[in-house]
Amino acid sequence: MKAVIMVIDGLGDRPNENGNTPLKEAKTPTMDRIAKEGICGIMNAVDVGVRPGSDTAHLSILGYDPYTTYTGRGPFEAAGVGVKVKPGDIAFRCNFATIDDNFIVLDRRAGRIANTEELEKELDGLEIDGVKVIFKQSGGYRATLVLRGEGLSDKITDADPKKEGKKVKEIKPLDGSEEAIRTAEILNKIIRISYEKFNNHPVNEERRKEGLPVANVILPRGVGKVPQIQPFNEKYGLKGACIAGTGLIKGIAKMLNLDVIEVEGATGTPETAFMNKAKALVEALNNYDFVIINVKGADEAGHDGNYELKKEVIEKIDGMLDYIMKNIDKKEVYFVLTGDHSTPIDEKDHSADPIPIVIWGKSVRIDDVEKFDEFSTYKGGLGRIKGTHIMPILMDLMGLAKKYGA
Ligand code: ZN
Ligand code: ZN
């Protein structure tokens with residue numbers, strides 16, 4: 001048996017004044033069919049009352065305790081852009097930014113500069129106080145920074161003031177440890193070096209001529225220590241893959257040693273190539289025992305507070321599901337349809353409201369639920385579960401769970 005978990009990012013919502021949500025109102029014949037043929041419930045990815053990030057939610061859904069495996073966004077971003085991170089590395093996400101001579105931030109995104117490959121070379125590979133610097137641009141003004149060496153700590157503050165007109169923040173240790181003091185010092189040096197190397201770099205001289213904001217500093221944030229994580233294949237004995245458009249989810253997959261399947265046009269936005277993703281999933285099932293697929297557009301629409309767009313995205317995903325269901329066999333595949341968290345239109349951010357979940361496949365206890373939405377699924381046979389319950393339930397259905405006791 002094989003298994004698929006499909007995560008519709010930001011799927012859940014809160015009812016509007018008419019008692020509707022985008023999911024409830026959307027025309028979703030295939031989702032409803034899956035609900036009808038499966039066992040339904042509601043799910044909190046991390047825990048009841050916890051507002052999850054997409055990262056912590058996906059870790060939980062894959063059966064990893066986010067409280068021990070998630071140390072910050074940096075490590076997952078770094079893995080996502082292809083840095084082969086090692087346990088103990090200290091990783092950050094960064095922006096290229098524009099500052100003046102007094103280190104006041106003029107533009108946090110350096111005019112959304114597109115070509116930063118030449119600037120990358122100035123920092124990547126440096127060695128500072130015996131610590132190796134790995135620096136990779138990750139598309140335009142974004143980058144990732146990894147420090148590798150002995151005696152480092154992630155108990156330090158950010159450099160990014162998060163606002164224009166404010167000074168680049170000095171990195172400070174958060175505890176009195178030697179490691180934190182040393183890491184903060186090294187990072188402050190790197191920020192200064194980035195200014196010295198970038199400020200008069202030909203890339204920036206060219207931008208000055210054109211009247212564009214220069215990319216003359218890096219602003220690291222989202223620090224985390226790369227955790228020791230048991231690879232997915234080893235934990236479950238399943239050959240696993242991930243299909244996702246966003247770097248963060250790809251990063252989580254890479255950190256767990258899941259193969260990341262690149263899909264043309266998968267952008268993580270409402271314009272993503274839905275059908276390409278559906279086809280890639282069906283194809284992946286020829287080579288893998290397990291696939292997690294994330295579809296991101298509904299979350300984006302939720303963050304934008306765009307009810308109609310969220311509904312539209314959900315309807316497009318229903319089209320994907322139609323193709324998927326026509327091409328998988330109940331005798332071979334367990335299919336889980338759920339989300340990672342709610343992104344209510346009114347909140348424009350993630351909330352702790354539980355999300356619908358359905359498990360479809362051979363011998364599941366089919367319940368009375370006939371509609372896949374926030375209001376019907378809670379009556380289903382799964383009841384209310386946590387993200388970390390999903391993999392054990394699947395392993396049991398697949399006949400792969402170890403017996404606990406005699
Ligand atoms: Zn999410
Ligand atoms: Zn989100």
Side-chain angles (χ1 to χ4, degrees), residues 68-97 99 103 105 110 116-138 141-161 167-204 215-231 247 251-252 254-257:
T68 57
T69 53
Y70 185 77
T71 57
R73 190 157 167 175
F76 298 97
E77 292 274 346
V81 304
V83 179
K84 296 244 178 300
V85 292
K86 293 182 179 166
D89 286 352
I90 306 294
F92 308 81
R93 53 202 297 238
C94 299
N95 275 13
F96 287 92
I99 54 171
F103 273 61
V105 176
T116 45
E117 286 87 357
E118 290 302 316
L119 297 174
E120 170 192 296
K121 291 179 194 157
E122 297 292 328
L123 294 184
D124 189 35
L126 286 182
E127 207 172 294
I128 297 169
D129 300 345
V131 169
K132 192 179 172 200
V133 176
I134 302 164
F135 181 72
K136 300 280 176 223
Q137 61 85 23
S138 52
Y141 64 88
R142 294 196 186 90
T144 179
L145 172 70
V146 177
L147 304 183
R148 180 170 295 163
E150 297 294 316
L152 296 173
S153 165
D154 60 352
K155 299 287 179 284
I156 53 166
T157 61
D158 272 359
D160 189 347
K167 203 167 174 178
V168 177
K169 290 201 299 196
E170 196 187 322
I171 309 263
K172 296 208 170 85
L174 283 172
D175 59 21
S177 70
E178 231 174 85
E179 288 83 2
I181 294 167
R182 177 164 182 257
T183 311
E185 271 171 14
I186 291 173
L187 210 56
N188 285 321
K189 276 187 198 170
I190 293 173
I191 292 167
R192 188 147 283 279
I193 291 169
S194 75
Y195 176 70
E196 284 160 9
K197 293 199 177 246
F198 292 171
N199 195 38
N200 297 315
H201 192 282
V203 168
N204 282 327
N216 59 356
V217 79
I218 57 162
L219 298 178
R221 65 181 195 280
V223 62
K225 189 177 222 158
V226 175
Q228 191 93 47
I229 296 187
Q230 188 181 19
I252 286 165
K254 285 182 181 165
M255 199 78 101
L256 305 181
N257 260 358

* To do: Using the six-membered ring wherever Trp is involved, compare the ring planes of Phe76 and Tyr70 and label them parallel, tilted or perpendicular (cut-offs 30° and 60°).
  => parallel
* Structure fact -> dist Lys132:NZ -> Leu126:CG (nearest 0.5 Å) comes out at 11.0 Å
* Asked: Hey, are the side chains of Ile186 and Leu152 touching, using non-hydrogen atoms and a 4.5 Å cut-off?
  -> yes
Show every donor-acceptor pair shorter than 3.5 Å between a side-chain atom in residues 87-94 and any protein atom, with sequence neighbours excluded, or say none if there are none.
| unit_1 | atom_1 | unit_2 | atom_2 | d |
| --- | --- | --- | --- | --- |
| Asp89 | OD1 | Arg148 | NE | 3.0 |
| Asp89 | OD2 | Lys86 | N | 2.8 |
| Asp89 | OD2 | Arg148 | NE | 3.2 |
| Asp89 | OD2 | Arg148 | NH2 | 2.7 |

* Minimum-distance pair of heavy atoms, taken over all atoms of Ile156 and Pro173 -> CG2-CA, 4.2 Å
* Main-chain N/O of Tyr195 paired to Asn216 side chain as donor or acceptor, under 3.5 Å -> no
* **Closest approach of Gly72 to Pro75 (non-hydrogen atoms, all atoms of both residues)** => O-CD, 3.4 Å
* Value rounded to 0.5 Å, distance of CG in Asp160 from CD1 in Ile218 -> 11.0 Å
* To do: Could you tell me whether a side-chain N or O of Glu120 sits under 3.5 Å from a main-chain N or O of Gln137, the two making a donor and an acceptor?
  => yes
* Structure fact -> d(Leu145 CG, Leu123 CG) to nearest 0.5 Å is 8.0 Å
* **Donor-acceptor contact present, side-chain Asn95 to main-chain Ala97, <3.5 Å** => no
* Could you check Lys189 against Asp129 for side chain to side chain contact (heavy atoms under 4.5 Å, CB included), going step by step and ending with a plain yes or no? => CA-CA 10 Å; Lys189 276 187 198 170; Asp129 300 345; 2.8 Å; yes
* Structure fact -> Output for pair (Lys172 NZ, Leu187 CG), nearest 0.5 Å, gives 13.0 Å
* If you look at every heavy atom in Gly176 and Ile181, which pair is closest and at what distance? -> O-CD1, 3.7 Å
* Spell out, as yes or no, whether a donor-acceptor pair under 3.5 Å connects the side chain of Thr116 to the backbone of Leu119. => no
* Does Thr144 offer a backbone N or O that forms a donor-acceptor pair with the side chain of Ser138 under 3.5 Å? -> no
* **side chain to side chain contact (heavy atoms under 4.5 Å, CB included) between Val131 and Arg182, intermediate numbers included** => CA-CA 10 Å; Val131 169; Arg182 177 164 182 257; 3.5 Å; yes
* Exam field: side chain Asp124 to backbone Lys136, donor-acceptor pair closer than 3.5 Å -> no
* Asked: Quick one: CD on Glu122 to NE2 on His201, what's the gap to the nearest 0.5 Å?
  -> 4.0 Å
* Asked: Hey, is CD on Glu117 packed in by over 12 heavy atoms from elsewhere, all under 6.0 Å?
  -> yes
* Structure fact -> In short, Ile171 meets Asp158 closest at the heavy-atom pair CD1-C, 3.8 Å
* May I ask you to test the Leu147-Ile190 pair for a side-chain heavy-atom distance under 4.5 Å? => yes
* What is the minimum heavy-atom distance between Lys155 and Ser153, and which atoms define it? -> N-OG, 2.9 Å
* Asked: Does the Asn188 side chain pair with the main chain of Ala184, one donor and one acceptor, at a distance under 3.5 Å?
  -> yes
* Out of Ile191, Asn199, Val105, which residue meets the side chain to side chain contact (heavy atoms under 4.5 Å, CB included) rule with Ile99? -> Val105
* Asked: Which heavy atom in Pro227 sits nearest to a heavy atom in Thr71, and how many Å separate them?
  -> CD-OG1, 4.3 Å
